[in-house]
Amino acid sequence: MAAESILSTNFCVFSRLPIYIPFEGAVLITKTIFLDYLICRKNCWLKVHRPEFIEAFALSELELQLLEQGDDVERAARMLFPAGVLVVKTGADAVRETQELMAKGATIFQAAFSSGGFFVRCDVISPAPEGAWDLFEIKGNNALKEGIDDRDHITDLTFQAIVAERAGVTLRNRTVILLNKTYVRSGALDVDRLLQQMECSPGVATKHPDTTRAMDEALVYLKQTDEPQDGCDCHYKGRSRQCSTFPYSHPDVPAYSVHDIVRIGASKKKLADLIDRGIFNLEGIPEEFNLSRAQKNQVYVAKTGQSIIDKVRIREALASYQWPLHFLDYETFAPAIPMFDGYGPYQPIPFQFSLHILTGPDAEPAHFEFLHDELSDPTGDVVRLLDEHIGADGSVIVWYAPFERGVNTEMAARCPNLATVLTRINGQIRDLRDIFVDQHYVHEGFKGSTSIKAVLPVLVPDLSYEHLDIKNGGIASARWSEMITTTDGAERSAISGALKDYCELDTFAMYAIWKELNAIALSQ
């Protein structure tokens, strides 16, 4: 496609939503559109041609946060190219500006190229000997991703190389810039150590034929004006990997289906077998079908409506807890660019905790909380308060122990003088979730999940997150970052209150679930 025609077929992006709206009936395929196509082509077609689906494509708080962190990494990476020039124009104007800068031999940020119906913005291109150019793709990851659905860095880089080369650019090296997972901040940010460069030309060459073929197929598929009627291939994926328009493309699949069977996404042959037989309801799964114990239990309760409750095992699990009980939950923020000394990329900052302490079976829980409201490392304050409220006696009850233990281990590494306290607390941790993971309690309402938000409505229906302004950890993380960097006054106070309400409910919910389990275990 000629540069002059880009504006007539360009796409729009609203509020960082990945919605592509064609002009004059044509589609310009960008890198984002192409990578979306590779994940689910029908979902991508709907993004391009059906803007009324805009709400289905809205990004979550976590996804928006990851985009912002990717922007942070890109800004940091530009420091590796101090003479670089940013292309600020869009569409055809960006292509022309890129060509003008290339004629001057400049290193260019966000260079724009167009060819044959494809359009790309390259993070960095830099002049190389004999009229060639080096292409750099900046990723907010700390490991090279290959062949992983929506995180295939090599396919990403290959698409850019193909479009640039078709536009007449001779490339020498094709490089991915990543975060260095071993970097630990000490003082001012050291960009040369924070980032690492991986030359990927051999991998790009290997991917070139398949990517070229997929680009040609995408061009034909996405230019269709009539909606494809073949559904989408996401019916061969577990629920968490399905596209956002799956219910629209597959109205015959119930909201609770075989796609929700625990770990069915990791058992691709099993899922494909069920789908190919036209079995979508759990009730339709044959008795002889090969399933794991946990999967069989989930199917059993769905078919019979009878819960599995092993009172003996529940009683044994709860009896292993020591008094007093400390119900603990952390909220963390894990920035790509380390904010404080002692942190590496994506290491979590424990900015908040909630703690409910129960001294005996008939006592009422006492609540303690901490919320860091400054732009500084909260580690020292967190550990001192935990040491104050959690003594050597008793158990620390959490939901998904690897997370809390991991946070404690990293705090101990940053503050060796506090390591004794954190090591002790890690030894006291007991995971309430294990009762459900170990299948001592299986209920149809869990729908195969062992998350606290799946278990709570079944065991304690009077408690709910729905009335809260903050309903999950991703939102909590984003709000805390916002609170300490861009707010003050009433807005800051409102975010602080919402964070406290959310974290407090997490630990009170654990107490309430424990209480219900205890009553069940002791019942006749």
Quick one: closest heavy-atom pair of Cys243 and Cys234, and the distance?
N-SG, 3.5 Å
Those residues at least two apart in sequence (or on a different chain) that pass ring-ring contact (aromatic ring centres under 6.0 Å, His included) with Phe159 are Phe34, Phe118
Taking distance alone, no hydrogens or angles, what donor-acceptor pairs closer than 3.5 Å link side-chain atoms of residues 387-403 to residues at least two apart or in another chain?
from, atom 1, to, atom 2, distance (Å)
Asp387, OD1, Arg424, NH2, 3.0
Ser395, OG, Gln322, N, 2.8
Trp399, NE1, Thr450, O, 3.0

Could you check, using the six-membered ring where one of them is a Trp, whether Phe351 and Phe370 have ring centers closer than 6.0 angstrom?
no
Is the terminal nitrogen or CZ of Lys453 (NZ for Lys, CZ for Arg) located under 6.0 angstrom from the six-membered ring centre of Tyr465 and within 45° of that ring's axis?
yes
I'd like to know whether CG of Asp469 has more than 12 heavy-atom contacts from other residues, nucleotides or ligands below 6.0 angstrom.
no
Which atom names give the shortest non-hydrogen contact between Arg405 and Ile429, and what distance separates them?
NH2-O, 3.0 Å
When every non-hydrogen atom of Gln347 is compared with those of Gly342, the smallest separation belongs to OE1-O, 3.7 Å
Please report the C-alpha distance between Met339 and Ile349 in whole Å, then the side-chain angles of each, then the deciding distance to 0.1 Å, and finally whether the side-chain contact (heavy atoms from CB on, under 4.5 Å) criterion is met.
CA-CA 9 Å; Met339 296 171 66; Ile349 301 167; 3.7 Å; yes
Only one of Val437, Leu432, Asp438 clears side chain to side chain contact (heavy atoms under 4.5 Å, CB included) with Ile435; which?
Leu432
How long is the gap from CG on Leu157 to OG1 on Thr175, to the nearest 0.5 Å?
7.5 Å
Show, in sequence, the C-alpha distance, side-chain angles and deciding distance for Asp329 and Thr507, and conclude whether the side chain to side chain donor-acceptor pair (under 3.5 Å) test is met.
CA-CA 6 Å; Asp329 179 69; Thr507 52; over 6 Å; no
Rounded to the nearest 0.5 Å, the SG atom of Cys44 sits from the CG atom of Leu38 at a distance of 9.0 Å
side-chain hydrogen bond (donor to acceptor under 3.5 Å, both in side chains) partners of residues 186-199, not counting sequence neighbours, each pair once:
Glu199-Ser201
Do other residues, nucleotides or ligands put more than 12 heavy atoms under 6.0 Å from Arg313 CZ?
no
Please test Leu328 against His326 for side-chain contact (heavy atoms from CB on, under 4.5 Å), starting from the C-alpha separation and ending with a verdict.
CA-CA 6 Å; Leu328 173 67; His326 309 80; 5.6 Å; no
Return yes if some donor-acceptor pair links the side-chain N/O of Asn281 with the main-chain N/O of Gly284 below 3.5 Å, else return no.
no
Side chain to side chain contact (heavy atoms under 4.5 Å, CB included) against Met198, all qualifying residues, sequence neighbours excluded
Leu144, Leu178, Cys200
Under 3.5 Å, side chain of Trp323 to main-chain N/O of Leu358, donor-acceptor pair present?
no
With no hydrogens and no angle check, is any side-chain donor or acceptor of Tyr248 less than 3.5 Å from a backbone partner on Asn43?
no
All heavy atoms of Leu459 vs all of Glu516, minimum pair found to be O-CG, 3.7 Å
Can you sort out the partners of His235 under ring-ring contact (aromatic ring centres under 6.0 Å, His included), two or more places apart, ordered by chain and number?
His250
Apply the test side-chain contact (heavy atoms from CB on, under 4.5 Å) to residues Asn426 and Leu422: give CA-CA distance (whole Å), side-chain angles for both, the deciding distance (0.1 Å), then the verdict.
CA-CA 6 Å; Asn426 269 358; Leu422 293 162; 5.8 Å; no
To the closest 0.5 Å, what do you measure between OG (Ser307) and CG (Asp310)?
13.0 Å
So the salt bridge (charged side-chain N to carboxylate O under 4.0 Å, His left out) pairs with at least one residue in residues 271-299 (sequence neighbours excluded) are Asp273-Arg277, Glu287-Lys303
Please name all residues satisfying side chain to side chain contact (heavy atoms under 4.5 Å, CB included) with Arg41, sequence neighbours left out, ordered by chain then number.
Tyr37, Tyr221, Asp230
Do Ser523 and Lys311 have a side chain donor and acceptor closer than 3.5 Å?
yes
Side chain of Ser477, backbone of Gly473: donor and acceptor closer than 3.5 Å?
no
Interatomic distance, Asp377 atom CG to Cys415 atom SG [nearest 0.5 angstrom]
6.5 Å
Rounded to the nearest 0.5 Å, how far does CD1 of Ile33 lie from CG of Asp36?
8.0 Å
Can you see which heavy atom on Ile264 is nearest to which on Val258, and at what distance?
CG2-O, 3.6 Å
Among Lys447, Arg239, Lys270, Gln295, find the one that has a side chain to side chain contact (heavy atoms under 4.5 Å, CB included) with Ile261.
Gln295
Any Ile275 side-chain heavy atom under 4.5 Å of Phe280 side chain
yes
Check side chain to side chain contact (heavy atoms under 4.5 Å, CB included) between Ser464 and all other residues, then give those that pass, not counting sequence neighbours.
Glu466
Is it the case that over 12 heavy atoms from other parts of the model lie below 6.0 angstrom from the NZ atom of Lys471?
yes
Taken to the nearest 0.5 Å, the spacing of Ile484 CD1 from Arg492 CZ works out to 8.0 Å
N/O donor-acceptor pair under 3.5 Å between Ser320 side chain and Ala317 backbone:
yes
Salt bridge (Lys or Arg N to Asp or Glu O under 4.0 Å) between Asp72 and Arg75, intermediate numbers included:
CA-CA 5 Å; Asp72 291 340; Arg75 282 189 289 270; 2.4 Å; yes
Please list, chain by chain and in numerical order, all residues satisfying side chain to side chain donor-acceptor pair (under 3.5 Å) with Ser481, sequence neighbours excluded.
none
Sorted by chain and number, sequence neighbours left out, ring-ring contact (aromatic ring centres under 6.0 Å, His included) with Phe508 holds for His356, Tyr511
Does Arg185 count as lying over the ring of Phe340, i.e. NZ or CZ under 6.0 Å from the six-ring centre, within 45 degrees of the axis?
no
Which residues satisfy the side chain to side chain donor-acceptor pair (under 3.5 Å) test with Lys31, sequence neighbours excluded?
Glu137, Asp156
Could you go through the side-chain contact (heavy atoms from CB on, under 4.5 Å) check for Phe353 and Leu386 one step at a time?
CA-CA 9 Å; Phe353 72 76; Leu386 290 176; 4.0 Å; yes
Does the side chain of Thr379 come under 3.5 Å of the side chain of Tyr343 through a donor N or O and an acceptor N or O?
yes
Minimum heavy-atom separation for Val262 and Gln298, please, with both atom names.
N-OE1, 2.8 Å
The ring-ring contact (aromatic ring centres under 6.0 Å, His included) partners of Tyr256 (sequence neighbours excluded) come to none
With ring-ring contact (aromatic ring centres under 6.0 Å, His included) as the test, would you mind laying out the steps for His443 and Phe436 before giving the verdict?
CA-CA 9 Å; His443 190 284; Phe436 304 95; over 10 Å; no
